[in-house]
**Q** 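Could you have a look at this structure, given as structure tokens, before my questions?
Computation of the quantities below employed the complete heavy-atom set of this structure, encompassing side-chain atoms and omitting hydrogens, waters and symmetry-equivalent molecules. Below, chain A is the first sequence line, B the second, and so on; all start at residue 1.
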Amino acid sequence: MVHVICFGNPFHGDDGFGAHVFRRLAEPGGLPPGARLFEAGTSGLTALAFFAGCRKAVLVDALRGGGAVGEVRRLLPEEVGPPGPEFSVHNLGVAHLLAALPIAFEGRELPEVVIVAAEVEAIQPFTDRLGPPFQATLDRAILLVRQECAREATAENVAAG
Amino acid sequence: MSKRTLRMEMNRVEGDLEIKLEVDDNTVTDAWCVGKMYRGFEQLLRGRAPNDALVIAPRICGICSTSQLHAATTALEVAYQVPVAPNGTRVRNLCLMAESVLSDARHTFLMFAPDFCHRAYRNNPLYDRAVALFEPPFRGSAARQAVQHSARILDIILAFGGQWPHSTYMLPGGVTCPLDRGRLQACREAIDSYAAWYEECVLGCGSERWLSLQTPDDFYRWLEEKESHANGALGVFARFGRSVGLHRTGSGVANLLSSGCYFDPEKWAPPFEGRPCLQQAGHYNGETGEVEPFSHLRVTEDVRYSWFVDPGGGRHPWQSDTVPDLRSGEAYSYTKASRYNDQVVQLGPLSDLVMAQDPLITSFFKAEGPNTWLRQFTRLHRPVLALGQMRRTVAELSCHLDEAAYVPSRPLADADGCAFVNASRGSLGHWVQIRGGKIANYQIITPTTWNGSPRDASGRRGHWEESFLGLEIKDLDDPVELCHVVRSHDACLVCTVHFLGLGQKQTFRCG
């Protein structure tokens with residue numbers, strides 16, 4: 001089982017990239033069999049629950065990583081920077097979530113985690129629309145998510161003999 | 001004398017909140033608390049069907065969404081004057097307590113205590129122990145355990161609400177979820193598991209022993225009584241905090257306000273007069289030392305220094321509005337200046353427990369006044385009370401299992417309602433006016449609105465602004481003392497944007 005967990009605030013422009021991916025994948029036929037879809041919004045540690053019951057988790061989020069704006073990248077958790085200091089439990093983000101994941105799963109098998117992320121630059125608040133570079137890359141992100149689901153399905157088939 | 005202005009961005013992306021300080025020779029001489037984000041939930045709710053508030057209001061906050069749901073529901077049932085099933089009130093209380101217990105652990109061990117691992121304290125005798133317990137991110141044992149156990153206590157809200165945050169399982173008249181033995185057993189297990197961790201690792205003693213402490217002297221004797229007391233997470237927090245003088249900083253205003261905590265299930269009924277709460281409501285007047293009864297009619301909002309259209313003077317929320325007006329001049333915040341009985345007040349766990357006459361917290365308050373240390377210490381004490389009350393609530397639900405948790409009722413087309421409920425960060429108020437079956441006016445005052453308010457028409461600073469005055473900051477480029485004061489208020493920053501970074505670090509912007 002793959003859990004596709006989409007992050008982002010849909011009312012903050014390009015930060016809502018993950019939310020837009022969620023909407024597309026939620027359409028009929030959007031997600032392959034053997035996968036479940038979760039909209040994590042702006043959750044931090046609350047999203048820990050979405051990792052339970054799967055062998056693999058595909059996170060979809062916006063990224064500020066120094067690449068070209070609109071570029072979609074496949075990342076592993078170790079490529080994401082360590083969480084910085086925060087001032088409020090209201091503001092614990094995905095980096096904190098990834099750091100907390102092994103702790104929350106202590107004594108249990110940790111799912112494989114892959115991140116599909118789109119490079120953003122400035123966040124424009126109070127709009128539910130993506131900037132032009134992202135309209136074009138939604139398809140790319142969705143393709144990557146489906147590829148990750150297909151890889152897991154293949155691995156499960158091999159394991160089942 | 002060297003004068004400098006220090007600006008502290010309070011979150012990493014847009015800066016929802018900024019503290020601007022004027023510092024003379026390393027001492028804070030003036031402060032401005034700048035709420036930088038207009039949210040507009042009040043405007044969003046206008047013209048909608050009243051029950052829409054039950055879906056929209058929990059979205060105000062991803063940490064206190066149970067409180068927001070509870071307040072929205074209560075405002076409607078007060079407006080409609082409908083009976084509430086006692087079991088509905090019990091389930092609401094239970095979920096609210098779970099949210100409070102979760103919030104206190106995460107705030108203390110993931111936000112406040114990690115500052116004790118700051119390099120400025122490396123020569124403190126308790127430094128190594130603090131690092132072992134609180135080192136960020138999630139490296140200290142208390143921090144790791146807080147992640148694990150706070151997630152488990154959520155099982156209580158999940159049992160009734162199905163999801164957290166942003167759940168909608170309360171309606172005027174009670175709660176919509178079924179009650180059964182299985183759910184109550186899940187609650188008991190979550191409470192027992194959490195309490196066992198809290199007693200062993202946080203307190204270092206049983207809850208009964210902890211609750212026997214009535215005075216500061218009792219507490220100091222307890223600290224020396226056993227190694228498990230002194231070196232547990234609470235003992236280290238308390239000793240470290242006092243060793244760096246946190247009990248002498250961040251007092252803020254002397255007036256406390258609490259609308260009371262958790263409605264009494266047998267007494268919360270129409271006409272909803274007074275405050276029938278399990279923990280008493282009240283307003284502590286810092287000038288007279290008297291405690292006065294709480295009434296929402298004494299609440300006013302002033303927007304002279306706020307980026308809202310100013311009708312002039314302080315207005316009760318039913319006469320108030322929240323129309324943005326990003327004007328230049330003296331306004332500097334998207335937060336209103338909320339006042340009680342024309343006084344600047346502070347809200348939060350400390351105010352709640354002093355008004356409830358909790359012996360230990362009240363005696364510390366009388367001895368030392370409000371301060372950074374005591375605000376946080378209260379967050380370590382409060383879960384012990386909450387866990388006991390949660391057990392009693394589950395036991396009551398078991399005794400009343402055959403009774404309904406919801407009383408169906410009819411809405412009114414024209415009605416006014418006000419709700420005050422307790423949130424983790426203090427009292428939360430919702431006001432609703434319904435006309436022709438639609439919401440005509442909706443006003444919300446969160447605890448952070450009170451505490452983080454800007455100046456009012458009389459020029460009086462808000463509580464946070466007052467709490468920074470006189471604070472000595474050794475290193476203006478790395479103001480750890482300021483962090484302690486800020487965090488002790490547990491600012492309810494809005495959940496805005498969360499995106500990933502590759503190895504980027506947050507820095508304080510000082511100018």
**Q** Less than 4.5 Å to any heavy atom of chain A: does that hold for the side chain of B:Pro136, its backbone, both, or neither?
**A**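 B:Pro136 has no heavy atom closer than 4.5 Å to chain A.
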**Q** Counting heavy-atom pairs under 4.5 Å to chain B, which of A:Ala49, A:Gly16, A:Ala104, A:Ala99 comes out on top?
**A**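 Result: the option with the highest number of such pairs is A:Ala99.
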**Q** Is the count of non-hydrogen atoms from other residues, nucleotides or ligands lying under 6.0 Å from A:Arg23 atom CZ greater than 12?
**A**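 Yes.
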**Q** Between atom CZ of B:Arg106 and atom OG1 of A:Thr46, what is the distance when rounded to the nearest 0.5 Å?
**A**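 Between B:Arg106 CZ and A:Thr46 OG1, I get 5.5 Å after rounding to 0.5 Å.
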**Q** Counting neighbours of CD on B:Glu200 that are heavy atoms of other residues, nucleotides or ligands and sit closer than 6.0 Å, is the number greater than 12?
**A**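 Result for CD/B:Glu200: open.
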**Q** Considering only heavy atoms, which portion of A:Leu48 lies under 4.5 Å from any heavy atom of chain B: side chain, backbone, both, or neither?
**A**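 Answer is side chain: those atoms of A:Leu48 sit under 4.5 Å from chain B.
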**Q** More than 12 non-hydrogen atoms from neighbouring residues, nucleotides or ligands closer than 6.0 Å to CD on A:Glu78, yes or no?
**A**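 Atom CD in A:Glu78 is packed in, count exceeds 12.
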**Q** Does some side-chain heavy atom of A:Leu45 sit less than 4.5 Å from a side-chain heavy atom of B:Phe138?
**A**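 Counting from C-beta outward, B:Phe138 and A:Leu45 do come under 4.5 Å.
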